[in-house]
Amino acid sequence: MSLLLALPVVLPLAAAVAGMLTLGRPRWQAPIGLAGSGALLAAAAALLAWTWREGIHVLEVGGWPAPFGIVLVADMLSAVMVTVTGAVGLAATVYSFRVVDDGRLRAGYYAFIQVLLMGVSGAFLAGDIFNLYVWFEVMLMASFVLLVIGGERPQFEAGMKYVALNLVGSVMFLSGIGLLYGATGTLNMADLAVRVAADSAEARYATVVAMLFLVAFGLKAAVFPLYSWLPASYHVAPAPVAALFAGLLTKVGVYALLRVFTLIFTQDAGYTRELLFWISAATMVSGVLGAAAQQDMKRILSFHIISQIGYMTMGLALATPLALGGALFYMVHNIIAKTNLFFIAGVVRRLRGSYELRELGGLARAHPWLAATFFVSAMSLAGVPPLSGFFAKFIMVRAAIETREYAAAGVMLGVGLLTLFSMVKIWTEAFLKPAPAGAVSEGVVGAPSWVPVLAFAALAIAMGVGAEWWWRPMAMAGEQLFDRQGYIDAVLGGAR
Amino acid sequence: MELLLAVTVGWLYACGLYLLLRRTLAQVVIGLALLTNGTNLLIFTAAGLVRGEPPLIGGGETALRAGTADPLPQAMILTAIVIGFAIQAFAMVLAYRVYRSVGSDDIDALTTTEPPPPPVKVQAEEADG
């Protein structure tokens with residue numbers, strides 16, 4: 001039964017291998033991708049249900065006990081994130097059906113999506129810090145390929161920046177791992193948590209390593225001073241790839257921050273939380289201001305990714321069970337809303353041939369369904385009740401007020417207003433204003449694109465209307481993150 | 001020996017960072033290579049150096065002798081070398097393709113994806129109106 005923990009990694013791997021072996025047969029690629037993503041979602045949902053019923057699960061890979069062997073660990077945070085990964089992977093695969101041309105198919109487009117999903121799931125389930133690094137790299141390599149597949153000049157330029165900056169982040173991460181191993185002699189995260197807390201003489205040293213990790217994960221999560229690669233690269237990718245990146249890649253960085261700073265580096269909590277607090281506030285404000293200055297739909301959305309990351313790391317800075325659960329709720333809500341906005345931007349591009357707001361217009365009259373789904377996703381992102389974003393922001397603001405961080409609450413509310421402003425900008429420019437003369441070139445959008453768009457809009461509504469029901473697993477994850485002893489016991493206790 | 005390696009690691013990081021900040025693509029790629037190799041040496045050094053004591057359990061013994069080398073950092077470095085090599089190979093090919101499509105090795109020429117690049121056509125229209 002505990003093999004269920006390995007399935008989210010093994011199933012996409014199998015699909016990726018099958019896809020690679022059949023590269024000469026473009027017709028087989030999409031069904032294989034669909035099978036892989038669907039199987040991943042099913043396995044992840046089963047894992048989530050199992051973790052919900054019975055608590056934290058550990059799989060000792062190769063049969064070696066915890067501090068020595070490699071472990072896969074699923075707590076509620078991991079299980080929820082893997083499930084969302086499956087959902088986003090399935091949606092992006094379905095969305096890609098008619099979008100991907102033959103050249104991309106022959107280059108292994110669907111297979112690399114599967115590799116990406118494998119890396120992301122592996123990172124969420126990894127129980128030791130070196131495997132976290134390895135899964136990060138698997139995910140990054142797949143993302144490098146997906147970003148440049150298709151071979152246009154902007155893609156190469158963006159790819160170069162993306163590769164260089166991510167490699168610097170990986171070097172930092174690996175240096176941190178090396179130093180941490182030199183100091184403690186272990187790589188298992190639960191074991192590290194025990195040793196870093198016990199070695200009070202080494203606490204200062206651990207803080208240095210913590211800062212290396214903060215920079216490394218912050219770079220991947222695109223927090224305040226380290227985000228410049230994101231708006232320079234994401235918008236060149238085709239819509240389904242950009243949606244996949246926007247939904248998942250930065251969130252893996254946030255996940256790693258959540259995991260490492262709730263479990264391992266709690267020895268100097270006052271310092272790290274203060275730092276995270278200011279980073280989060282600066283991330284929120286600078287991201288949303290960057291978005292307000294743009295005129296290209298995909299660029300506005302790229303800057304919003306950054307701004308929203310700030311809310312999630314703010315949950316980590318506040319560090320109460322409510323705030324940590326709220327950060328996860330925010331993350332899930334954001335993945336759903338943001339992925340869908342990128343999907344919709346892709347549909348707009350195919351209908352009108354542009355992402356530029358000044359070349360768009362009149363979409364609300366011509367395509368009411370598209371307008372409705374955009375409106376739902378955009379208002380959800382801005383935090384308008386009764387959509388998912390309202391409850392996500394509500395939980396975060398409440399957590400801030402409970403810890404008497406009124407400045408944080410104020411920043412969150414203010415940034416919410418600015419988000420609303422830039423979403424309204426897209427709404428009025430692209431959907432409401434009359435179409436500019438001579439700009440109308442109606443493309444065809446097939447059902448494979450509509451299904452994920454409608455499904456994710458429905459999810460955004462469901463997550464808002466049924467917030468109470470959705471909050472329960474997130475609250476449980478928050479409690480588990482706050483109670484690090486539970487995680488340590490589950491991993492090191494040995495007994496399943 | 002530790003001191004020598006520590007200085008080497010620092011030197012590799014310094015050279016790598018210096019090359020990363022240069023304007024030539026080829027230098028950036030070489031800088032990345034130096035950084036990854038410096039990191040591998042850092043792991044090796046941080047875990048402690050042992051000379052002439054391989055981690056083998058001899059006949060009749062049940063545990064490792066004290067002071068034997070730790071095999072784990074070497075396994076980690078092996079993994080990191082594989083990953084680093086793959087990414088460097090990818091980065092080299094990518095740099096070559098960038099050079100072919102842009103026609104320049106200068107990083108300042110990579111401007112088509114930067115945030116606000118006003119299209120030339122639109123600028124001309126604005127100048128007219």
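Values reported hereafter were calculated over all heavy atoms of this structure, with side chains retained and with hydrogens, waters and symmetry mates removed. In the text below, chain A, chain B and the rest are named by the order of the sequence lines, each starting its count at 1.
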Euclidean distance, [Y] [atom2] relative to [X] [atom1], rounded to 0.5 Å:
X	Y	atom1	atom2	result
B:Phe90	A:Leu167	CZ	CG	11.5 Å
B:Ile43	A:Leu180	CD1	CG	11.5 Å
B:Met76	A:Ile177	CE	CD1	6.5 Å
B:Thr79	A:Tyr133	OG1	OH	9.0 Å

Proximity breakdown for [X] and chain B, heavy-atom pairs closer than 4.5 Å:
X	answer
A:Val148	side chain
A:Leu140	neither
A:Val145	both
A:Met141	side chain

If contact means a heavy atom pair closer than 4.5 Å, which residues of residues 15-27 of chain B contact chain A?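 Expected list: B:Leu20, B:Leu25.
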
Worked check of side chain to side chain contact (heavy atoms under 4.5 Å, CB included) between A:Leu174 and B:Asn40: CA-CA 8 Å; A:Leu174 195 55; B:Asn40 293 340; 4.2 Å; yes

Side-chain contact, heavy-atom cut-off 4.5 Å: [X] with [Y]?
X	Y	result
A:Phe144	B:Ile87	yes
B:Leu72	A:Phe130	no
B:Asp70	A:Tyr181	yes
B:Ile83	A:Val138	no

ring-ring contact (aromatic ring centres under 6.0 Å, His included) involving B:Tyr99 - partner list, sequence neighbours excluded: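 By the ring-ring contact (aromatic ring centres under 6.0 Å, His included) rule, B:Tyr99 matches no residue at all.
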
Could you tell me which of A:Gly182, A:Ser175, A:Gly178 has the largest number of non-hydrogen atom pairs under 4.5 Å with chain B?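 The candidate making the most pairs under 4.5 Å is A:Ser175.
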
Interface residue of largest heavy-atom contact number with chain B, from A:Glu137, A:Met172, A:Met160, under 4.5 Å: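 It is A:Met160.
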
Looking at chain A, which one of B:Leu35, B:Val28, B:Val98, B:Val102 has the largest number of heavy-atom pairs inside 4.5 Å, strictly under?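 Going by pairs under 4.5 Å, I would pick B:Val102.
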
All heavy atoms of B:Ala91 vs all of A:Val163, minimum pair found to be CB-CG1, 4.2 Å

Per-residue contact mode, [X] against chain A (heavy atom under 4.5 angstrom):
X	result
B:Val29	side chain
B:Leu42	side chain
B:Phe44	neither

